[in-house]
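What follows is one structure encoded as structure tokens, with my remarks underneath.
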Amino acid sequence: MRVELLFELENPELPKDNKSIWISFLKNVLSNCNKGKYYGRYFSGTNSKDYTFSVILPKPQFVGEKVLLENNQVKMIFSADDRNKSGLIFYAAFIQAKKRKFPLPEGNAMILTNIRQLREQLIVSSKVMFRTVTGGGLVVREHDKEKNSDRYYTFQDEGFHDTLKTVLKLQANEAGFSEHLAEKITMTPIQCRKVLVKQYGTYVDVTVGIFQLEGDPDLLQYLYQAGMGSKHSMGYGLLDIISQEHE
């Protein structure tokens, strides 16, 4: 399931480091829906989550630690895998949160004013051309447990494809797919670039743009719905389909 959420801000600005706002919003709507029945399923432990989102800001201007917006309307595109009814669970939570004020830093606030279900495509090909959705991008992270440090790779870095394979194998396995299917996925950058995104006080290297994925159609469908790569539940990895190669 894929939905578009429209928010109205009291003041047309946000902190530059605003990922935490949207994650807090998702936590808030689940905790207030059905007596918080599903909160622990998504926000307890470290299991990979089967959803993603991207936030689209209206003509943002980055000034210091703030983002100044052209108007007070902000969109979130939220997408979830259908197999465990995550989309329906969040959709019900969004409906209950509609018209409710959600406080933001520095005295600002936002209200969810509209919810619209978006059309999804069914992947039937093993070769699909994707575009990262505005506001997100593909994150590929290598975590060093001993040093408790992270290294982020973009499409132009040596080691990107090997690290992406490792990330996708873990994601596929946690979603119930075999590692063999993830091992067979290949990514070919078509028109990509690197951007830096500030998150929780640090900068993350992100790949945005157009690329082709080749692999099992069911696994590609999962990545399309649940998000692809590291940190996909934190507002990265949301993809739009440009085309499929008919076989």
Side-chain angles (χ1 to χ4, degrees), residues 4-29 42-43 46 48-49 51-79 102-110 112 130-145 147-157 159-160 163-164 167 171 189 191-211 226-240:
E4 177 189 271
L5 308 177
L6 183 64
F7 298 89
E8 286 192 2
L9 302 174
E10 285 189 358
N11 301 314
E13 63 179 49
L14 288 169
K16 182 179 181 180
D17 190 348
N18 61 71
K19 286 289 185 184
S20 61
I21 287 175
W22 310 106
I23 295 166
S24 294
F25 168 77
L26 295 178
K27 289 181 175 181
N28 181 276
V29 298
Y42 297 99
F43 296 109
T46 58
S48 179
K49 300 174 179 62
Y51 66 82
T52 186
F53 66 90
S54 191
V55 176
I56 302 172
L57 306 177
K59 294 186 178 179
Q61 296 184 34
F62 295 89
V63 180
E65 292 302 311
K66 289 186 177 182
V67 185
L68 306 182
L69 308 175
E70 183 183 49
N71 56 60
N72 67 343
Q73 293 193 332
V74 175
K75 292 180 183 178
M76 173 192 280
I77 308 299
F78 179 91
S79 179
F102 185 78
L104 300 178
E106 298 187 14
N108 204 353
M110 68 182 184
L112 175 59
F130 289 104
R131 175 190 288 113
T132 57
V133 174
T134 301
L138 177 62
V139 173
V140 177
R141 181 187 70 152
E142 181 181 63
H143 181 65
D144 188 324
K145 291 184 179 179
K147 298 180 180 179
N148 192 28
S149 61
D150 295 323
R151 178 178 176 183
Y152 295 95
Y153 293 83
T154 62
F155 72 103
Q156 59 194 1
D157 295 326
F160 169 80
T163 308
L164 177 62
V167 168
Q171 189 179 356
Q191 188 177 342
C192 294
R193 61 188 177 90
K194 169 184 171 180
V195 299
L196 289 176
V197 178
K198 193 171 185 180
Q199 174 186 291
Y200 293 99
T202 63
Y203 284 93
V204 176
D205 294 330
V206 180
T207 297
V208 301
I210 298 170
F211 57 87
M228 174 182 171
S230 308
K231 297 183 178 291
H232 59 272
S233 64
M234 300 179 72
Y236 302 100
L238 181 59
L239 306 175
D240 278 337

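The residues of the chain are indexed from 1 along the displayed sequence. Below, all heavy atoms of this structure are taken into account, side chains as well, without hydrogens, waters or symmetry copies. Small disclaimer: the values here were computed from a predicted structure and weren't measured.
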Taking all non-hydrogen atoms of both residues, which atom of [X] and which atom of [Y] are closest, and how far apart?
| X | Y | answer |
| --- | --- | --- |
| T163 | G159 | OG1-O, 2.7 Å |
| L69 | V67 | CD2-CG1, 3.7 Å |
| G237 | T52 | C-OG1, 4.2 Å |
| Y236 | K231 | CD1-O, 3.3 Å |
| G135 | S54 | C-OG, 3.2 Å |
| L138 | G229 | CD1-CA, 4.1 Å |

Could you check if a side-chain atom of [X] sits within less than 4.5 angstrom of a side-chain atom of [Y], using non-hydrogen atoms only?
| X | Y | value |
| --- | --- | --- |
| V167 | S230 | yes |
| S233 | Y51 | yes |
| F102 | N28 | yes |
| L104 | F25 | no |
| Q156 | K194 | yes |
| L239 | V133 | no |
| L26 | Y42 | no |

Spacing of [atom1] belonging to [X] relative to [atom2] belonging to [Y], to within rounding of 0.5 Å:
| X | Y | atom1 | atom2 | value |
| --- | --- | --- | --- | --- |
| D150 | H143 | CG | NE2 | 5.5 Å |
| L68 | Q61 | CG | CD | 6.0 Å |
| M76 | I21 | CE | CD1 | 10.5 Å |
| I77 | F53 | CD1 | CZ | 12.0 Å |
| L5 | M110 | CG | CE | 9.5 Å |
| L164 | D157 | CG | CG | 12.5 Å |

N-O pairing of [X] and [Y] below 4.0 Å:
| X | Y | value |
| --- | --- | --- |
| R151 | E142 | no |
| D17 | K198 | no |
| K66 | E13 | yes |

For the side chain of [X] and the backbone of [Y], is there at least one donor-acceptor N/O pair under 3.5 Å apart?
| X | Y | result |
| --- | --- | --- |
| Q171 | G227 | yes |
| T132 | G209 | yes |
| N108 | N11 | yes |

According to side-chain hydrogen bond (donor to acceptor under 3.5 Å, both in side chains), who are the partners of Q73, at least two apart in sequence or on a separate chain?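 Expected list: none.
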Partner set under side-chain hydrogen bond (donor to acceptor under 3.5 Å, both in side chains) for K27, not counting sequence neighbours: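 For K27, no residue satisfies side-chain hydrogen bond (donor to acceptor under 3.5 Å, both in side chains) once neighbours in sequence are set aside.
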Parallel, tilted or perpendicular: ring planes of F130 versus F211, cut at 30 and 60 degrees: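 Tilted: the ring planes of F130 and F211 meet at 30° to 60°.
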Do the two ring centres, one from F7 and one from W22, sit under 6.0 Å apart?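 Judged by ring-centre distance (under 6.0 Å), F7 and W22 do meet the cut-off.
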Ring center gap for F160 and F155 short of 6.0 angstrom: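 No, ring centres 6.0 Å or more apart.
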Dump the intermediate steps for side chain to side chain contact (heavy atoms under 4.5 Å, CB included) on L9 and V74, then the final yes or no. CA-CA 8 Å; L9 302 174; V74 175; 3.8 Å; yes
With side chain to side chain contact (heavy atoms under 4.5 Å, CB included) as the criterion, how do M234 and I23 come out once you've worked through the C-alpha distance, each side chain's angles and the decisive distance to 0.1 Å? CA-CA 7 Å; M234 300 179 72; I23 295 166; 3.9 Å; yes
Name the residue from V206, V208, V139, T202 that meets the side chain to side chain contact (heavy atoms under 4.5 Å, CB included) definition with V197.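 That would be V206; it is the only one of V206, V208, V139, T202 passing the side chain to side chain contact (heavy atoms under 4.5 Å, CB included) with V197.
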For T207 and V140, run side chain to side chain contact (heavy atoms under 4.5 Å, CB included): C-alpha distance rounded to whole Å, both residues' side-chain angles, the deciding distance at 0.1 Å, then the answer. CA-CA 9 Å; T207 297; V140 177; over 6 Å; no
Around K19, counting heavy atoms of other residues, nucleotides and ligands shown, do more than 12 lie under 6.0 Å from its NZ?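 Enclosed.
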Are more than 12 heavy atoms, taken from residues, nucleotides or ligands other than R141, located less than 6.0 Å from that residue's CZ atom?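 Yes - once you tally the heavy atoms of other residues, nucleotides and ligands closer than 6.0 Å, there are more than 12.
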Apply the test side chain to side chain contact (heavy atoms under 4.5 Å, CB included) to residues R193 and V195: give CA-CA distance (whole Å), side-chain angles for both, the deciding distance (0.1 Å), then the verdict. CA-CA 7 Å; R193 61 188 177 90; V195 299; 3.2 Å; yes
